[in-house]
Structure formats: structure tokens, C-alpha cells
Amino acid sequence: MVSISVYLKIIFAVVVLSLGGVASAQDAIPLVEQAVKAAGGQHNLLHRFTIQERLNVSKDLEKPGKPRESVFDGHEHWWFRGGKGAWQKKKDEPATKLVWAWTLEVFTDPETKVEAITDINEDDKTLAGLRLSETIKPAMDVYFDKETLRLVRIDWRSDIHRLSEWKQQDNIWYPARCVGFKKNTGKPWYVSEIVELHRIDSLPEGLEATSSE
């Protein structure tokens, strides 16, 4: 696996060509390295894992969420089921890009273009922003708390996803709660709460055969 620092030098030297882009990429290097280190280090980033969550798709954030189990194999394969029902898989599901971002694995792909963007203030905190493109279309903006270096916000497409309640499992920190808001109204429309998260060495029975679909 190419190290984060080596990967970012490749991005800096090859992908970003304009003078403004060079400065922007250079500004991004320390933030990416620090954020990955704060999460647990590149070698601990989540790749193949399962989660048990409570999912509430509604404007009422206090409404109890419904149980859902998911299996992730990289950022391209996602299976899910409610309760003990049959596994389902959506092809080209955009939500896998969000998982790729919050696990920080997106930064390990040499095709990802990373640029620093303007800081924003939210809840009396200053958030440092990065724009991710090429491997994610349209471009995605991610924001990190400057003090904790944790990912706290993802702006993508028509939504703002706010991440919180960080927990540690298997030597990696992850956001256990994510609330989605519509950009045009600012109103919430879903909340996901991870109850359990575990790495897995192999896919559950019945999923291996479909992993190449």
C-alpha cells in the first residue's frame, strides 16, 4: 500500500497543474496526514467491515430508528438488510462514496484529487476543508475540526452530512452518528446511529459470489 505522504507527493507533482492548484494541494498535505494519524493511522483504516445501525429516515430526529445491518467491501460493494431478511445490494450506490470518505480510505487512492478550500465556522468551531474530485463526481467537500482533526461534515450533491459521537473499535476511530440535512432547506431528513462495528476477514456466506458484480 502506498503511504499517505508518498501518495500526496504524487498528487502534488502530477495531478494539480495550475499555480493556484499547486498551493491548494500543498496546503492539503499536512491536514490529510494529521487526520489519518488522528483516526488511527493508514494501516488501520476500515476496508472490509460490518455495521449494525439504527436508521431513521424522517424529519423527526427523535423518532426511533429501524435496525439495519450492512457489509462493506471497499468503497464499491455494499450489502444491507433489515433485521434478518435477505441481503440486498444496490449497484453504483452513491452512499458508498460517503462511506469511502468517512473511513478516510478515499485519501489512499492515487487518482483522488485533493485541494484545500476555505475554512468555515460551525457551532463555534473552525473547520478546515478539503475538496475531493476525480474519483468522486461531483466533487465532495469534507471538513475537519481543527482541534481534534476529526471529520465532522461532508457536503455532497444536495446534502450536508454532519458526523459526531466518535468511538474507537479495532484501533480506529469512527463517527457513530450521522445526520443528513438538505442544503436548500437546512432541514434534517435522516439520522444513522452505528450500534456495532467490526472488521471482517471474509464476506458472510452468500455474498462472496456477488462481490464482483
Side-chain angles (χ1 to χ4, degrees), residues 1-16 21-51 72-76 96-136 139-156 160-179 192-194 196-201:
M1 180 184 293
V2 178
S3 71
I4 289 290
S5 59
V6 170
Y7 152 67
L8 286 170
K9 289 176 182 176
I10 294 172
I11 289 292
F12 176 68
V14 179
V15 178
V16 184
V22 167
S24 182
Q26 191 174 38
D27 291 343
I29 292 175
L31 176 57
V32 172
E33 292 179 335
Q34 293 165 12
V36 170
K37 182 178 179 180
Q42 183 182 354
H43 62 289
N44 284 320
L45 296 181
L46 293 167
H47 181 77
R48 179 180 282 180
F49 61 102
T50 67
I51 64 170
F72 296 99
D73 189 15
H75 70 282
E76 297 179 342
T96 59
K97 299 295 185 182
L98 293 173
V99 176
W100 200 28
W102 68 251
T103 60
L104 306 185
E105 269 220 319
V106 65
F107 294 115
T108 68
D109 190 323
E111 298 300 318
T112 300
K113 180 179 176 180
V114 185
E115 301 173 87
I117 55 178
T118 304
D119 293 353
I120 63 173
N121 293 311
E122 187 168 271
D123 296 331
D124 297 323
K125 295 181 179 179
T126 301
L127 308 183
L130 298 175
R131 178 160 294 153
L132 313 178
S133 58
E134 301 300 331
T135 56
I136 296 182
M140 174 188 290
D141 294 344
V142 296
Y143 293 93
F144 296 82
D145 185 318
K146 277 195 167 185
E147 292 186 3
T148 66
L149 297 172
R150 289 177 179 169
L151 179 64
V152 294
R153 173 170 164 166
I154 299 175
D155 290 17
W156 193 45
I160 295 173
H161 310 269
R162 292 187 168 93
L163 304 102
S164 61
E165 298 184 12
W166 284 69
K167 297 181 180 180
Q168 188 177 36
Q169 176 71 31
D170 295 334
N171 299 314
I172 195 73
W173 287 91
Y174 68 92
R177 179 180 172 89
C178 180
V179 182
S192 168
E193 296 178 286
I194 297 177
E196 292 184 28
L197 179 149
H198 298 285
R199 298 181 194 272
I200 53 175
D201 295 325

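Hydrogens, waters and symmetry mates are skipped; everything else that's a heavy atom, side chains included, is used.
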To the nearest 0.5 Å, what is the distance between [atom1] ([X]) and [atom2] ([Y])?
X: T126; Y: E147; atom1: OG1; atom2: CD; result: 8.0 Å
X: S192; Y: L98; atom1: OG; atom2: CG; result: 10.5 Å
X: H47; Y: F72; atom1: NE2; atom2: CZ; result: 12.5 Å
X: W156; Y: D141; atom1: CH2; atom2: CG; result: 12.0 Å
X: E111; Y: I136; atom1: CD; atom2: CD1; result: 13.0 Å
X: E196; Y: K167; atom1: CD; atom2: NZ; result: 9.5 Å

Does atom CG of N121 have more than 12 heavy-atom neighbours, drawn from other residues, nucleotides or ligands, at distances under 6.0 Å?
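Above 12, so yes.
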Is the ring pair H75/W100 parallel, tilted or perpendicular, if the boundaries are 30 and 60 degrees?
parallel
If you define the side chain from C-beta out and look only at heavy atoms, does anything of [X] sit under 4.5 Å from [Y]?
X: D123; Y: V152; result: no
X: Q42; Y: L104; result: no
X: Q169; Y: H198; result: yes
X: V142; Y: R131; result: no
X: Y143; Y: I160; result: no
X: L46; Y: W102; result: yes

Tell me if a side-chain donor or acceptor on R150 pairs with a main-chain N or O of A39 at a distance below 3.5 Å.
no
May I ask you to decide if T135's main-chain N or O and K97's side chain share a donor-acceptor pair within less than 3.5 Å?
yes
Shortest non-hydrogen contact between [X] and [Y], atoms and distance:
X: L163; Y: P175; value: CD2-CG, 3.3 Å
X: A139; Y: S133; value: CB-CB, 4.0 Å
X: D119; Y: G129; value: OD1-N, 4.0 Å
X: C178; Y: H161; value: SG-CB, 3.8 Å
X: F49; Y: R199; value: CB-CA, 4.0 Å
X: A101; Y: V106; value: CA-CG1, 4.1 Å

Determine, stepwise, if the pair L132 / V114 fulfils side-chain contact (heavy atoms from CB on, under 4.5 Å).
CA-CA 5 Å; L132 313 178; V114 185; 4.1 Å; yes
Please assess T103 against L45 for the test side-chain contact (heavy atoms from CB on, under 4.5 Å), listing each intermediate value before the final yes or no.
CA-CA 6 Å; T103 60; L45 296 181; 5.8 Å; no
Report the residue from D73, D170, D201 that forms a salt bridge (charged side-chain N to carboxylate O under 4.0 Å, His left out) with R48.
D73
Could you check L151 against W166 for side-chain contact (heavy atoms from CB on, under 4.5 Å), going step by step and ending with a plain yes or no?
CA-CA 10 Å; L151 179 64; W166 284 69; 4.1 Å; yes
Tested for side chain to side chain contact (heavy atoms under 4.5 Å, CB included) against K125, the lone hit among D145, I120, T148 is D145
